[in-house]
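Worksheet: one structure, shown below.
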Amino acid sequence: MRLGSIVLLVTLCSLSAYYIYDPIPEEIEERWKLMLTNSFFRSLSHLADLSELLGLKDYMGVMYFITLIENIVPVSDEHVKVTEEKFDGVEVVLYQPKHWGNDADLRRAVIYLHGGGWCLGSSRMGPYDLLARKIVTELDAVVLSVEYRLAPAHHFPVPYQDVYQVVKHFLQKGVLAQYYVDPGRIAVSGDSAGGNLAAAVTQQLQKEPSQQIQLKAQALLYPVLQALDLNTPSYQQNRDMPILPRTLMVRFWSEYFTSDKALFRAMMANTHNNPESFSLLKFGNWSAFLPEIYHKKYNYSAPAVVQQVGEKASGASLSFADPRASPLLVPDKALRSLPKAYVLTCEYDVLRDDGIMYVTRLRAAGVEVTHEHYDTGFHGALMFTVWPTDFLIARRMTDNYIKWLKENL
């Protein structure tokens, strides 16, 4: 009996150690808190894999639990008026200052796009609600948070189209006047997949000569910007980092385009490029656009080219070259007229190099860019602001981000 208890105790301790301990770099602050936080994500990911294997529920359907437990009902408070509306058929959450001076005073506006790999997340999650309220109160601004539809139920380009429709609707003189917004002081911003959508919409608006009201700024927080090379140094260095390991990011990409598992397998091997997408690799060649300090021990090798990944995936593979999915992969002339940019990157993030390459290319095109790199940062850090998963680095990131908006919008 005593031996059985010892075996059970050892087993439980071993399982706990397996799920909690991660070889996280010592430079990262609050390492044990991050380990504990990530143990939840890892456990849920394993459960999602098992559920999909048994045919009970697809992987993203289980992972969506993260969104559900964070969801709140956005309500007005003494400082902020909150309403849930529909702009051109798309759900939005609108945050406005409750008190202001003269009705004639116009205010700034931030269109915010949540992250979650196009498959998870919601503008109604607690951290996004808190961020929106902070922007409203500190900038005396209107915040428009977009509840775009998600993959895999709605593959690319549906999430992008939802966002684009909302932005186009909002950037009408009559709509802006309704919310007392200054047409010359509007920014679009987003984190992770939301940063992808923000960059893509900003580019698209610049292509339209009939668009009278343009964005003044874009703020991209650890954005994902290209789907062609999933073996950049940051993808390799941070392949097993907490919150967003390489496997999960690749899964997000593949699910954004199609539910065909053949594409996921090809993307994992970095053998998903076709002749059309291969021609655009020059715009995301990290050996050219990534400063040498970030090359580290890795050597550049161009991704392989295949004729066809899978029957269903073949159509999706054509989307890799679409700038609405991969805004990094556009020629220089498409970048020259873009508004000033704020780009946040983290050292311990598979998406680090996407953001840094975009910074390099934007600056080369003459765009004013503020690049804030966090040497101890990890993906998603900005959203960890709610107890018990509140991190000190999240507060610093938030303060610096809002400071930039104050000074540049």
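We number each residue from 1, following the sequence as shown.
Checked against a 6.0 Å centroid threshold, the rings of Tyr148 and His154 do not count as neighbours. Phe391 and Phe378 have their aromatic ring centers within a separation under 6.0 angstrom. Remark: aromatic rings of Phe320 and His272 are close, center separation under 6.0 Å. Here Trp118 and Phe156 keep their ring centres 6.0 angstrom or further from each other. Aromatic rings of His373 and Tyr294 (six-membered ring for Trp) have centroids within the 6.0 Å cut-off, being under it.
Between Arg361 and Asp332 there is a salt bridge, since a side-chain N of the basic residue sits under 4.0 Å from a carboxylate O of the acidic one. Asp390 has a carboxylate O that lies under 4.0 Å from a charged side-chain N of Arg395, or vice versa, which qualifies the two as a salt bridge. Using a cut-off of 4.0 Å between Lys/Arg side-chain N and Asp/Glu carboxylate O, Glu70 and Arg124 are scored as not salt-bridged. Residues Asp77 and Lys98 are not paired through a salt bridge, judged by the lack of any N-O separation under 4.0 Å between the basic side chain and the carboxylate.
Within 6.0 Å of CD on Gln212 lie no more than 12 heavy atoms contributed by other residues, nucleotides or ligands.
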Step-by-step side chain to side chain donor-acceptor pair (under 3.5 Å) determination, Ser122 to Glu147: CA-CA 6 Å; Ser122 168; Glu147 191 72 358; 2.8 Å; yes
side-chain contact (heavy atoms from CB on, under 4.5 Å) assessment of Val142 paired with Val136: CA-CA 6 Å; Val142 172; Val136 170; over 6 Å; no
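In terms of the salt bridge (Lys or Arg N to Asp or Glu O under 4.0 Å) criterion, residue partners of Lys406 (sequence neighbours excluded) are, by chain and number, Glu138.
Identified under the salt bridge (charged side-chain N to carboxylate O under 4.0 Å, His left out) test for residues 177-196, with sequence neighbours left out: none.
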